Amino acid sequence: MTIDALTPFRWLQPPYGDRGNLLGEIYCVTLLRGLDPAEVLRRFGARTSTQMSFADLELAVSDFTMVTEGGDGGGYVGVVATGDGCAAVEPCGWSGTDNPTLARLSAGTDVVSVLRHDYACDYFHYAADGMVLTAFDPTFPERRSGADTDRLAGLMREFGLPLEESSDEDWDQRFDDLSGHGLARMFAMAARLTGVTFTADLLDGPLLVGAIADLPPPQEPQRGTSLGVLLEQLKAVSGPDSAHGAALA
């Protein structure tokens, strides 16, 4: 693999301050094989859904993070179908990296979740058939967790992620390479594993959006319940009233 092979994924890690930074400094993208958007939202815990532009999704996320002070992620996930699978986008979120969520998302299929978090660390999770197999920070690929930490060894080497500890002499150069190209490498690997390539134009069309619910509902939602009604119910449980539901009107 050459660095040029990562070019299609450079937009996901633009230089600091770049106005073309569509997804911002914190986001999670989950790529799933063989599922439709409605099923993906169901596995995320969303009870209802609505179509939104990416700009409207960002507004809903902004309102949610203001109310919750950012500690609960972005509150919403937007899903778009592409090829034989889906891409699920969480601006300011990370629910796709949680093991219980990954177990639900990957039931009967392959899933890769890629997290960008400029204030913590980026992370890669690969799950299949309800189990997280391999997870790692792209700047330290030799430190892996999961049920089968060597499952992706060959693929990681192919995409320039060394599995051995670095020497003190070459640590700085290795760190600069891994941190500078980490996101592109993770999305390139994700495309290979899931058959879903995450491109910027996927954000141009409507996304199917739902509120992420970490707690199981007390009962089955009533037929015809709107997303706005659900959000009011969630606000009553999780915190003070806010206007973030207005972004969905």
Side-chain angles (χ1 to χ4, degrees), residues 1-16 18 20-33 73 77 79-80 82-83 85-99 101-102 105-106 109-128 131-164 166 174-200 202-203:
M1 188 214 73
T2 66
I3 295 298
D4 289 343
L6 303 179
T7 299
F9 306 99
R10 294 293 181 201
W11 70 276
L12 291 151
Q13 191 174 14
Y16 180 77
D18 192 318
N21 188 358
L22 295 178
L23 290 171
E25 299 168 329
I26 302 173
Y27 64 78
C28 181
V29 173
T30 305
L31 305 179
L32 312 96
R33 184 195 299 274
V77 58
V79 187
V80 58
T82 173
C86 285
V89 184
E90 297 176 69
C92 297
W94 49 81
S95 290
T97 66
D98 294 337
N99 282 359
T101 303
L102 280 169
L105 291 171
S106 65
T109 190
D110 295 312
V111 170
V112 173
S113 179
V114 176
L115 172 69
R116 178 181 185 175
H117 200 310
D118 280 6
Y119 308 109
C121 63
D122 302 336
Y123 230 84
F124 177 100
H125 288 79
Y126 171 57
M131 182 177 296
V132 177
L133 298 176
T134 304
F136 60 86
D137 175 340
T139 56
F140 299 100
E142 70 276 13
R143 305 175 189 174
R144 301 180 301 285
S145 62
D148 188 353
T149 57
D150 290 330
R151 173 70 66 93
L152 304 183
L155 191 62
M156 291 176 71
R157 287 194 176 97
E158 178 184 343
F159 282 94
L161 292 163
L163 306 185
E164 302 77 20
S166 65
R174 170 170 151 156
F175 181 82
D176 289 344
D177 173 64
L178 292 177
S179 61
H181 304 295
L183 279 165
R185 285 185 168 112
M186 290 192 291
F187 277 99
M189 285 182 57
R192 181 77 66 83
L193 289 165
T194 66
V196 180
T197 300
F198 189 58
T199 57
L202 291 178
L203 302 178

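Any value given below was found using the heavy atoms of this structure, including those in side chains, with hydrogens, waters and symmetry copies removed. Note that the coordinates shown come from a computational prediction; the quantities given were computed from them, not determined experimentally.
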Subject >> Check against side-chain contact (heavy atoms from CB on, under 4.5 Å), I26 and R116 >> reply: CA-CA 5 Å; I26 302 173; R116 178 181 185 175; over 6 Å; no

Original post:
R144: what forms a side chain to side chain donor-acceptor pair (under 3.5 Å) with it, not counting sequence neighbours?
Top reply: D150

**OP:** Compare all side-chain heavy atoms of L133 with those of M131 and state whether any distance is below 4.5 angstrom.
**Re:** yes

Subject >> Partners passing side-chain contact (heavy atoms from CB on, under 4.5 Å) against P162 (at least two apart in sequence or in another chain) >> reply: P141, E164, R174, L178

**OP:** First locate atom OG1 of T139, then atom CG of D177, and finally report the distance between them rounded to the nearest 0.5 Å.
**Re:** 11.5 Å

Original post:
M156 and side chain to side chain contact (heavy atoms under 4.5 Å, CB included): which partner among E142, R185, M189, R151?
Top reply: M189

Subject >> Partners meeting side chain to side chain donor-acceptor pair (under 3.5 Å) with D122 (sequence neighbours left out) >> reply: none

Subject >> Residues forming a ring-ring contact (aromatic ring centres under 6.0 Å, His included) with F124, sequence neighbours excluded >> reply: F136

**OP:** Evaluate side-chain contact (heavy atoms from CB on, under 4.5 Å) for V111 paired with Y126, printing each intermediate quantity in order.
**Re:** CA-CA 6 Å; V111 170; Y126 171 57; over 6 Å; no

**OP:** Report the residues that fulfil side-chain contact (heavy atoms from CB on, under 4.5 Å) with T197, sequence neighbours left out, ordered by chain and then residue number.
**Re:** F9, A191, T199

Original post:
In Å, rounded to the nearest 0.5 Å, how long is the span from CG of L152 to OG1 of T134?
Top reply: 4.0 Å

Subject >> T30: which of C86, S95, S113 passes side chain to side chain contact (heavy atoms under 4.5 Å, CB included) >> reply: S113

Original post:
Excluding sequence neighbours, so at least two apart, what forms ring-ring contact (aromatic ring centres under 6.0 Å, His included) with F175?
Top reply: W171

**OP:** Using the test ring-ring contact (aromatic ring centres under 6.0 Å, His included), find all partners of Y123 that sit at least two apart in sequence or belong to another chain.
**Re:** H125

Subject >> Minimum-distance pair of heavy atoms, taken over all atoms of A184 and R10 >> reply: CB-NH1, 4.0 Å

Original post:
With A127, which residues qualify under side-chain contact (heavy atoms from CB on, under 4.5 Å), at least two apart?
Top reply: L102, S106, V132

Original post:
Taking only residues two or more places apart in sequence, or in another chain, which ones meet T194 in a side-chain contact (heavy atoms from CB on, under 4.5 Å)?
Top reply: L31, V112, V196

Subject >> With D176 via side chain to side chain donor-acceptor pair (under 3.5 Å) - residues at least two apart >> reply: none

Original post:
Given the rule in the side-chain contact (heavy atoms from CB on, under 4.5 Å) test, do V89 and Y27 qualify, once you have shown the distances and angles that lead to the verdict?
Top reply: CA-CA 7 Å; V89 184; Y27 64 78; 5.7 Å; no

**OP:** Sequence neighbours left out, what passes side chain to side chain donor-acceptor pair (under 3.5 Å) with T109? Give chain and number order.
**Re:** none

Original post:
Which heavy-atom pair separates C28 from G93 by the least distance, and what is that distance?
Top reply: CB-O, 3.3 Å

Subject >> Reported CG-to-OG distance for the pair N99 and S145, which is rounded to 0.5 angstrom >> reply: 8.0 Å

**OP:** Please confirm whether the backbone N or O of W94 pairs with a side-chain atom of T97, one donor and one acceptor, at under 3.5 Å?
**Re:** yes

**OP:** Run through V114, T82, V80, V29 and flag the one making a side chain to side chain contact (heavy atoms under 4.5 Å, CB included) with F198.
**Re:** V29

Original post:
Okay, side chain of E25, backbone of H117: is any donor-acceptor separation there less than 3.5 Å?
Top reply: no

